[in-house]
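Order of appearance sets the numbers: ligands from 1, and atoms from 1 within every ligand. Residues: numbered from 1 along the sequence shown.
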Amino acid sequence: MTERLTIRRPDDWHVHLRDGAMLQAVAGFTARQFARAIIMPNLTPPVTDVAAAEAYRDRILAALGEGADFTPLMTCYLTDDSDTEAIAAGHAAGVFTACKLYPAHATTNSAHGVTDILKLTRVLETLQRIGMPLLIHGEVTDRSIDIFDREAVFVERVLTPLTRDYPALKIVLEHITTAEAAAFVTEAAHPIAATITPQHLLINRNALFDGGLRPHAYCLPVLKRETHRLAVRRAAVSGSPRFFLGTDSAPHVVGAKQSGCGCAGIFNAPHALEAYLKVFEEEDALDRFEGFASEHGARFYGLPLNEGTVTLVRGAAEVPARIGEGDTAVVPFMAGETLAWRFEG
Ligand code: NCD
Ligand code: ZN
């Protein structure tokens with residue numbers, strides 16, 4: 001039995017670090033395990049221009065303090081009025097790594113998102129030309145579509161024509177949850193990849209209703225049925241360079257989750273690598289873990305692989321029931337459970 005696993009330092013290709021007190025409370029968890037992370041721009045107001053991204057990057061680095069060895073990779077939140085030239089200039093200046101497309105009202109803080117992808121023609125042409133990745137929250141927002149079908153319908157109605165119209169546009173389909181999305185990304189003759197979260201690998205939609213309503217298992221895209229979880233797992237451990245780690249760690253204070261209208265988002269940053277490793281071990285794919293965690297993402301983004309390593313050791317790690325207090329009290333993913341691996345650093 002493998003007792004220690006040392007891999008190249010990994011990156012998190014999708015994380016919500018929030019702002020203010022919550023940023024102070026959570027940033028260290030991500031920086032402890034990951035060398036770099038793609039920082040989601042869905043603040044209020046969203047990060048839509050270069051100045052806001054630079055200021056947010058500075059706040060993240062300040063929250064981590066001197067000497068933190070962590071690089072936040074900033075993203076630009078697309079709106080119907082996005083400024084194409086400013087985005088391209090921000091990319092050239094090294095501020096924006098990618099653009100994030102939230103269909104309007106698809107998820108937390110997406111009210112300013114894009115109402116119709118046709119409004120983005122100039123932006124998309126430019127991203128394609130300069131090789132800047134488009135990161136997509138892939139769900140339709142049509143409320144007449146069953147919430148469990150919104151990703152599959154997005155793949156059919158939006159992603160399929162998008163890849164046809166922009167054949168060289170680099171796309172990351174974020175936090176995939178369905179067999180349809182996994183198959184599309186696997187098979188497309190297109191520069192497309194996908195991030196996968198620990199929760200979509202470890203639990204299915206039964207977790208939302210396990211003995212009662214479970215707000216801490218609620219995220220978007222919502223958990224799907226078991227057949228989809230198994231398809232997403234196969235994609236993650238397949239060794240395909242198109243699938244890589246993106247936690248979608250999305251903290252909300254306990255009271256905002258345990259509410260009459262609870263927020264979507266699962267906070268998984270404290271034990272992210274241990275949770276992923278559980279999946280790779282169960283799938284007898286420990287030899288593929290490093291590619292998923294530390295190589296595929298950087299290669300897709302065209303960034304150098306990290307120097308240095310991290311080590312995980314076999315040994316019980318208890319996930320606390322709650323982390324932080326007051327305005328920053330959050331219930332982490334797998335709260336109260338015991339993991340079989342420990343992050344050593
Ligand atoms: C995210 C959040 O809370 O910001 N929530 C979530 O359920 N994943 C938004 C998102 O990524 O959809
Ligand atoms: Zn997210």
Side-chain angles (χ1 to χ4, degrees), residues 11-20 22-23 25-27 29-30 34 37-48 56 60 72-78 97-114 133-141 147-148 150-151 154 171-178 181 193-203 205 207-208 214-224 232 244-259 261-269 272 275 297 327-328 330-333:
D11 302 302
D12 183 351
W13 298 99
H14 182 131
V15 68
H16 301 265
L17 290 186
R18 310 303 194 207
D19 213 343
M22 191 61 94
L23 168 64
V26 302
F29 291 110
T30 293
F34 299 104
I38 286 280
I39 310 299
M40 286 296 129
N42 63 332
L43 304 181
T44 30
V47 178
T48 54
Y56 185 32
I60 293 167
L73 303 172
M74 309 311 290
T75 57
C76 177
Y77 181 114
L78 295 178
T97 298
C99 284
K100 178 70 190 276
L101 170 64
Y102 290 101
H105 307 292
T107 187
T108 309
N109 293 343
S110 62
H112 302 276
V114 174
L134 176 70
L135 317 183
I136 301 182
H137 183 112
E139 289 190 286
V140 292
T141 54
I147 190 166
F148 293 99
R150 287 180 193 170
E151 182 175 284
F154 184 92
I171 296 173
V172 182
L173 190 57
E174 299 292 335
H175 40 51
I176 61 163
T177 64
T178 58
T195 54
I196 302 180
T197 77
Q199 57 267 22
H200 293 109
L201 292 169
L202 284 164
I203 51 180
R205 65 191 190 177
L208 284 161
R214 298 286 185 172
H216 300 292
Y218 176 52
C219 65
L220 287 171
V222 72
L223 295 166
K224 303 298 190 296
V232 172
F244 43 85
L245 187 158
T247 62
D248 195 20
S249 184
H252 291 277
V253 67
V254 176
K257 297 281 297 171
Q258 299 174 194
S259 138
C261 184
C263 292
I266 292 179
F267 177 55
N268 58 31
D327 285 354
T328 65
V330 275
V331 173
F333 180 50

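Atom OG1 of Thr30 and atom CD1 of Ile60 lie 9.5 Å apart (nearest 0.5 Å). The structure places CG of Leu17 at 10.0 Å from CE of Met40, a figure rounded to the nearest 0.5 Å.
The salt bridge (Lys or Arg N to Asp or Glu O under 4.0 Å) test applied to Asp11 returns Arg36, not counting sequence neighbours. Asp19 meets the salt bridge (Lys or Arg N to Asp or Glu O under 4.0 Å) test with Arg59; sequence neighbours excluded.
Only protein N, O or S atoms were considered, and those under 2.8 Å from the Zn ion (ligand 2) are His14 NE2, His16 NE2, Asp248 OD1.
Judged purely by atom type and a 3.5 angstrom limit, Asn109 uses its side chain to pair as donor or acceptor with the backbone of Asn42. When atom types are taken as modelled, the side chain of Asp12 and the backbone of Thr247 share a donor-acceptor pair closer than 3.5 angstrom. Between the Glu151 side chain and the Pro221 main chain, no donor and acceptor come within less than 3.5 Å of each other.
For ligand 1, the 4.0 Å heavy-atom shell contains residues His14, His16, Arg18, Asn42, Thr107, Thr108, His137, His175, Cys219, Leu220, Asp248, Ala250, His252, Ala264, Gly265.
When side chains are defined from C-beta on, Leu135 does not count as touching His14, because their heavy atoms never get closer than 4.5 Å.
Residue His252 is tested with Arg18, Lys257, His216, Gln258 for a side chain to side chain donor-acceptor pair (under 3.5 Å); the sole match is Arg18.
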